[in-house]
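Here is the structure we will look at.
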Amino acid sequence: MKTFALSAALAAGLLATAAQGADIRIALVAKSLGNRFFEAAAKGAEEVAKQLGDVRIIYTGPTTTTAEGQIEVINALISQKVDAIAISANDKDAVVPVLKRALQRGIKVISWDSAVAAEGRLLHLNPSSDPLIGAMLAKLAAQALPDGRGKIAILSATPTSTNQNTWIAEMKAALRDHPGIDLVATVYGDDLSDKSYRETQGLLRVHPDVKVIVAPTSVGITAAVQAVKDAGKVGQVYVTGLGLPSEMAGAVHAGVTKSFAIWNPIDLGYATAYLAYDLVKGAKATPAAELPMGRVGTLTVGADGSGAMAEPAVFDSANIDRFADLF
Ligand code: RAM
């Protein structure tokens, strides 16, 4: 009896220690693995784990940018009973049923970068304001056109990407203020380098008078740069959009890109992990709530359950080398 009491007490003690030491497991789900934008975000999320001490980051995603791949990944995370899932969605609706299952099991689900429809998540973190990004893309296109006028085309990610679709819609709205710009085509490279490259080659062939390609994707923009270079069209066709300074420095120095934009992806991953942690700790993402994002600041939740992190920054030959080592 005595032995039993002792071992029970011991076991209880051990359990208590285990509970205290149990890390909060936050899964950061990328659109796909192998994309440096998401790897930079994972770096920021890891920073939160180091800073808070009781957080473990599981960085994961499918091998290609599909909703099916993400559904498989989410099912696995539900089985692992993670505490939070933070996803950049390949399709805002297709992942909703599986994310609802996660929510029913008490997992805190948020989206970031590319949104999930409101019924599939508790909160969405936008990198920046969508109208601001759209206006910036229109402005970058105007600046890339030799006299501010002419034909442009868009090379996007997948046709179901929430973020690119929203930014393109906002860019089209902003182009109304640039009557000299004619958007002639939008093609999709699915955030695959080879497909993005081939789609750019197609654009150059079908629309030989296009002067600027706008790629609001870090994978697409580098593929477009390569296709323009390989076609011998440097100085005739310019590439702009959203990209990483680390991947775009060569394009800027080669004169294919005059300027492009992006927000800090490390900060975005950091802010995402911090917000997931807040929710696991009991914070509610109700409209007008103010949620801490650690060193990145405070997020004010909007009526639609989303909020924006920061403003995009523009990179050109004057500043790119200072940022190319960072992200
Ligand atoms: C690609 C992805 C990502 C987007 C960046 C700008 O890496 O499509 O979702 O935010 O580009």
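Both counts, for ligands and for their atoms, begin at 1 and track the order of listing. Just so we're clear, the structure is a prediction, and the values are computed from it rather than from any experiment.
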Under 4.0 Å from a heavy atom of [X]: which atoms of ligand 1 are those, numbered in the order shown and with their elements?
{"X": "Asp113", "answer": "3 (C), 4 (C), 9 (O), 10 (O)"}
{"X": "Trp167", "answer": "10 (O)"}
{"X": "Phe38", "answer": "3 (C), 9 (O)"}
{"X": "Thr217", "answer": "11 (O)"}

Which of these, Asn163, Asp91, Thr64, sits in a side-chain contact (heavy atoms from CB on, under 4.5 Å) with Lys31?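 Output: one option passes, namely Asn163.
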Is Ile26 close to Val55 at the side-chain level, that is, under 4.5 Å between some pair of heavy atoms? yes
Please report which non-hydrogen protein atom sits nearest to atom 2 (C) of ligand 1, along with the residue it belongs to and the distance in Å to one decimal place.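 Protein heavy atom with the smallest distance to atom 2 (C) of ligand 1: Asp191 OD2, 3.2 Å.
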For atom 5 (C) of ligand 1, grab the closest protein heavy atom and report residue, atom and distance to one decimal in Å.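 So the nearest neighbour among protein heavy atoms is Ser218 N, 3.9 Å.
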For the pair Lys151 (side chain) and Asp209 (backbone), establish whether a donor and an acceptor sit closer than 3.5 Å, ignoring hydrogens and angles.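 Between the backbone of Asp209 and the side chain of Lys151 there is no qualifying donor-acceptor contact (under 3.5 Å).
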Do any N or O atoms from the side chain of Ser161 and from the backbone of Asn90 form a donor-acceptor pair under 3.5 angstrom? no
Angle between ring planes, Trp112 versus Phe38, binned at 30° and 60°: parallel, tilted or perpendicular?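 Aromatic pair Trp112/Phe38 classed perpendicular.
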Tell me whether ligand 1 is touched by Arg36 - counting only heavy atoms on the residue side and a distance under 4.0 Å. no
Heavy atom of Trp112 under 4.0 Å from ligand 1?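 Under 4.0 Å: no for Trp112.
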Please check if any side-chain donor atom of Ser259 sits under 3.5 Å from a side-chain acceptor atom of Asp316, or the reverse. no
Are any of the N/O atoms in Ser88 less than 3.5 Å from those in ligand 1? no
Let me see the working for Asp191 and Thr217 under side chain to side chain donor-acceptor pair (under 3.5 Å), right down to the final yes or no. CA-CA 7 Å; Asp191 271 354; Thr217 134; 2.6 Å; yes
